[in-house]
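Everything quoted here is computed from the prediction, not taken from an experiment.
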Amino acid sequence: RQGTRAELSAHSPGQGAGSRHEQGLPGAQACITLTNRTGFLCHDQRSCIPASGVCDGVRTCTHGEDEDDSLCRDVPQSLPHFLVAHCGDPASWIYSDQKCDGTNNCGDCSDELSPVTVCPRCGPGWWHCPSTFFKYCDCISRRLCRDHIQHCSDWSDEYACPGP
């Protein structure tokens, strides 16, 4: 799991991290994890767990509030909005920390590509190309480069990518 450095973040202009709790656990607060992803602030006000660690069947917060019945009774409707991201298909959703992570979590790349999501170009450790591998969208992990397997439709992963 993530570290314990919790930084509060705002969800929308004029509203603090803990001011929105229209569903789920009253007073649920967002935080930024050590990997710069949206997280859930435990009641100890120090532990920040990844959004995808909420309602995953594992009590990560000291008092187990990340698995509280009020949060997990009707996922995703019972989750605070800051923990949920919607996919291109309105019936599909992912945890907010899964957006722009380089992986096709929605199944249609809407969590990685516009117009649904605006993500930065491929980060360090990634190669930009039209992927042939369903798991990725427009970036592949550099560890897949020069492995004698085509992962980019233009073969750039085998001929142009510098590798890991």
Side-chain angles (χ1 to χ4, degrees), residues 1-13 15-18 20 28-42 44-62 66 75-76 79-90 92-164:
R1 295 287 178 179
Q2 304 302 316
T4 59
R5 187 182 117 235
E7 297 176 11
L8 298 180
S9 66
H11 306 301
S12 60
Q15 292 188 320
R20 292 180 58 192
Q29 292 183 346
C31 55
I32 303 299
T33 66
L34 293 175
T35 57
N36 204 27
R37 297 273 176 195
T38 301
F40 175 84
L41 186 64
C42 297
D44 65 11
Q45 297 292 303
R46 290 189 323 266
S47 302
C48 181
I49 66 168
S52 54
V54 175
C55 299
D56 65 351
V58 178
R59 295 169 72 96
T60 306
C61 293
T62 305
D66 57 309
V75 172
L79 293 172
H81 286 295
F82 65 85
L83 294 176
V84 178
H86 296 282
C87 297
D89 173 359
S92 298
W93 69 278
I94 59 172
Y95 283 98
S96 54
D97 64 335
Q98 296 172 320
K99 276 177 56 172
C100 300
D101 67 353
T103 303
N104 182 11
N105 297 297
C106 284
D108 61 0
C109 288
S110 61
D111 57 310
E112 301 297 318
L113 303 173
S114 58
V116 177
T117 304
V118 178
C119 298
R121 294 279 292 190
C122 306
W126 295 86
W127 177 253
H128 179 74
C129 73
S131 177
T132 61
F133 195 44
F134 181 74
K135 181 177 178 181
Y136 304 108
C137 297
D138 65 346
C139 300
I140 64 164
S141 173
R142 284 186 187 244
R143 61 185 164 72
L144 298 175
C145 292
R146 301 190 182 263
D147 64 355
H148 308 291
I149 300 169
Q150 180 186 15
H151 299 288
C152 299
S153 60
D154 62 3
W155 285 90
S156 64
D157 59 311
E158 297 303 313
Y159 299 107
C161 179

Do D44 and C61 come close enough that some side-chain heavy atom pair is under 4.5 Å?
-> no
Under the disulfide (SG to SG under 2.5 Å) criterion, do C161 and C129 qualify, and how do the steps go?
-> CA-CA 10 Å; C161 179; C129 73; over 6 Å; no
Are we looking at SG atoms under 2.5 Å apart for C48 and C42?
-> no
Do the side chains of S96 and H81 get nearer than 4.5 Å, heavy atoms only?
-> no
Can you check whether D138 reaches L113 side chain to side chain, under 4.5 Å on heavy atoms?
-> yes
Any chance the SG atoms on C139 and C122 come in under 2.5 Å?
-> yes
Got a second to check how far Q150's CD is from L144's CG, nearest 0.5 Å?
-> 12.5 Å
Just by distance, do the side chain of D111 and the backbone of C106 share a donor-acceptor pair under 3.5 Å?
-> yes
To the nearest 0.5 Å, how far apart are CG in L41 and CD1 in I32?
-> 11.0 Å
Is any side-chain heavy atom of E112 less than 4.5 Å from a side-chain heavy atom of D101?
-> yes
Do R146 side-chain atoms and Y159 backbone N/O form a donor-acceptor pair below 3.5 Å?
-> yes
What closest approach, in Å, do C152 and W127 show between heavy atoms, and which atom pair accounts for it?
-> SG-CD1, 4.0 Å
Atom pair CD (Q45) and OG (S47), whose distance is rounded to the nearest 0.5 Å = 10.0 Å
Just how far is it from atom NE2 of H151 to atom OG of S156, taken to the nearest 0.5 Å?
-> 11.0 Å
Which atom pair, heavy atoms only, marks the closest approach of T38 to D97?
-> O-CB, 3.6 Å
Under 3.5 Å, side chain of T33 to main-chain N/O of R37, donor-acceptor pair present?
-> yes
What closest approach, in Å, do C55 and L79 show between heavy atoms, and which atom pair accounts for it?
-> SG-CD2, 3.9 Å
Flag, side chain of D89 to backbone of C87, donor-acceptor distance under 3.5 Å = no
So do I94 and H86 actually touch side chain to side chain, heavy atoms under 4.5 Å?
-> no
Between the side chains of D108 and S110, does any donor sit under 3.5 Å from an acceptor?
-> yes
Quick one: OH on Y136 to CG on N104, what's the gap to the nearest 0.5 Å?
-> 11.0 Å
Hey, does C119 have a side-chain heavy atom less than 4.5 Å from the side chain of K99?
-> no
Going by the angle between their ring planes, with limits at 30° and 60°, are F40 and F82 parallel, tilted or perpendicular?
-> parallel
Do the non-hydrogen side-chain atoms of V54 and I49 ever get within less than 4.5 Å of each other?
-> yes
Between D56 and Y95, is any pair of side-chain heavy atoms under 4.5 Å apart?
-> no
